[in-house]
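Take a look at the structure below.
Counting starts at 1 for both ligands and their atoms, following the listed order. Note: hydrogens, waters and symmetry copies are ignored here, and every other heavy atom, side chains too, is used.
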Amino acid sequence: QHGSREVDREVHSVCPYCGVGCQISYQIKDEKIAFVQGRNGYSNENRLCVKGRFGFDYVSNPQRLMKPLIRKPDMPKGVNVDPSNPYTHFREATWEEALDVAASGLSRIADEHGGQAIAGFGSAKCSNEEAYLFQKLIRTRFQSNNIDHCTRLCHASSVAALIEGIGSGAVTATFNEVEHADVIVIIGANPTENHPVAATFFKQAARRGAKLIVIDPRGQALRNYATHMLRFKSGSDVSLLNGIMHAIVEEGLYDVQYVQAHTENFERLKEKLAAYSPESVAPICGIDAETIREVARVFGNADRAMIFWGMGISQHVHGTDNSRCLISLALMCGQVGRPGTGLHPLRGQNNVQGASDAGLIPMFYPDYADVEAEPVYTKFEELWQTPLSKKAGLTVVEIINAANAGTIKAMYIQGENPAMSDPDLDHARAGIAKLEHLVVQDIFLTETAMMADVVLPASAWPEKTGTVTNTNRQVQMGRKALNLPGDTREDLWIIIELAKRLGLPWSYTHPSQVFEEMKRAMPSLDNITWERVDNESSVIYPCPEPDHPGEAVVFGDGFPTKSGRAYLVPADVLPPAEVPDQEYPFVLMTGRQLEHWHTGAMTRRADVLDSLEPGPTASLHPNTLARYDIAPGDLMRVTTRRGSIELTARADMAVQEGTVFIPFAYVEAAANILTNPQLDPYGKIPEFKYCAVRIGPADGE
Ligand code: SF4
């Protein structure tokens, strides 16, 4: 309850949580956010979910870091510090001292071991300008491409498949286009929890009469709107999708003209699909052959169809193959490039699209320019006036492995929390603890910051101005609404000051100057200016004219590939890296839940959200719980080959028998202690959606 709704002023901005990018207005009273309202943005039309409406009091949580911190000598590194009392392990420092120590540590490691011993994790929760400067700092100062962010834990496999197939890693159509679709496929995604306002657009389309095909191992809320609900066996995605495509080919439902005009390699795809009849894949997927054929007919006969997918597709060792299948399915039916058609990986964090576009990836400069391609690196060497590494860098999990191996010796981490978000956490935390020098820039003493040598207290989203890019490719303006508390600083200022101490000749004083430079590096921002985004709050890229709102649908007349055609890549079945056996007989899936955001650093410190979901739970089918004599609400134990956690059992009919679902936001029972670090070979994304576990009562171990 916010008391009086009279406020002193309002400030227009964007929600800091998910990739939907809802436009909001902060209602400010006495220099605090009294409440938040939705604005009439393209992606939210005044709506907000519970996080956007009630998730802002983290900003004034008493655990906010207020002063720079330096680790006391000889303090052991671990996730062992009380975040409300960091002074057991750290002492306060001035900004001068903290920045000097941060910079000199990084410089020393680079001098002694070379720039390849340095790595950086930027953040999808920070602005485009911050992401751009962060990657520029690591690349230009250390000649290292060891720079990545949480896209590697989220849609890296989707992006790898999209770039390979259609030459672009972003969505081909905004989710608003469902308004014009007659068939909508949602696979491996749970939008009601993870993209709640986008889910309202899907529900509206279904009410209007669009056919909604939901394909997911978990029965989820959208099943109530689905014309077809396929609860297939986790991990059998390629078999199922190949089975659907087989039926489309067999029944002649594909778009011959489109395939001939706009694609390559269809014949090889067709050959591959021959082995995947619906009858042969049915027992593998747990979906009967007639249902597979029925879905193939609905999709194949659609006039306008869209495909949406999430982490259920991408977070597998076969995540890139899963995405390749979805791309082939859409393209063989000509379902790209027209209103109401398209491919749309639902991006997770509020700026994971923008951070990726801005070059926060080890194999690409801004706008996905290949770091190993000669004309490309020459262009960036000229733009940045410095020699650059010609070798792609390491990805998130590879960097942590290299820290364990002692080849990565120092890191600069802004706003990411790998000590909670990475797979096989005991291993990940050991690697982070082994670093000789760790600089963490964040707003709380996260589990990663607990292991830092220097902690730089940064700005929360309402305390700074910058652009972010949502799942729809909308570049939007986030505006400063609050003064910085204590001795905190804006993130951009911190990056710039650190860069200066590292010897870089930077003189930026405002994010608009960074945006101007980004435009020189990124053709995708053509016709989009800082002033436009400020005046209009949102402009979609690509944007063909200075007064055009941007293209909601792209690739109507070809693709940005060498041939101008899309390349169809057939996929074979690659089994999950760790399958159930007698010792570990169940399948574990991890993920998010509506009330909590990723590693919980923000939402666990937001009172309303944390009171709605106050502790860690494992969701299982009631029959599975009954078999083990575990009652809902009991404490239970979940164990894998990598570790074991105790948490509360929750009965959930939506979870298939034989599977366990655990959200990864809770430090007191961190789900990633359990997860398997095996990577998809292309996207280098870990298999968060499948590993073998055993369960039992808490006292039964
Ligand atoms: Fe924020 Fe996403 Fe919720 Fe919109 S749907 S209010 S962007 S968390």
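Counting the atoms of ligand 1 from 1 in the order shown, those under 4.0 Å from a heavy atom of Lys51 are 8 (S). For ligand 1, the atoms lying closer than 4.0 Å to a non-hydrogen atom of Gly52 are 6 (S). Shown in contact with Val197 at under 4.0 Å from a heavy atom are these atoms of ligand 1, numbered in order with element: 4 (Fe), 5 (S). Atoms of ligand 1 lying under 4.0 Å from at least one heavy atom of Gly21, given by number and element, are 7 (S). Against a heavy-atom cut-off of under 4.0 Å, Tyr17 is close to the following atoms of ligand 1: 8 (S).
Heavy-atom neighbours of Glu179 CD from other residues, nucleotides or ligands within 6.0 Å: at or below the threshold of 12.
Aromatic ring pairs are classed by plane angle as parallel below 30°, tilted from 30° to 60° and perpendicular above 60°; the pair Tyr690 and His316 is tilted.
Residue Gly342 comes nearest to Thr172 through the heavy atom pair CA-OG1, 3.2 Å, listed as atom of the first residue, atom of the second, then distance. For the pair Glu668 and Pro616, the tightest heavy-atom approach, listed with the atom from each and the gap, is OE2-CD, 3.5 Å.
Summarising the geometry, atom CG belonging to Asp607 is positioned 12.5 Å from atom CZ belonging to Phe54; distances are rounded to the nearest 0.5 Å.
Nearest non-hydrogen protein atom to atom 3 (Fe) of ligand 1 is Cys49 SG, 2.3 Å. Nearest protein heavy-atom contact of atom 2 (Fe) of ligand 1 is Cys18 SG, 2.3 Å. Among all non-hydrogen protein atoms, the one lying nearest atom 1 (Fe) of ligand 1 is Cys15 SG, 2.3 Å.
Residue Cys22: an N/O/S atom is found under 2.8 Å from atom 4 (Fe) of ligand 1. The distance from atom 2 (Fe) of ligand 1 to the nearest N/O/S atom of His195 is not under 2.8 Å.
Geometrically, Arg650 does not engage Phe661 in a cation-pi contact, judged by NZ or CZ lying under 6.0 Å from the ring centre and within 45° of the ring axis.
The residue from Ile186, Leu212, Val214 that alone fulfils the side-chain contact (heavy atoms from CB on, under 4.5 Å) condition with Tyr225 is Leu212.
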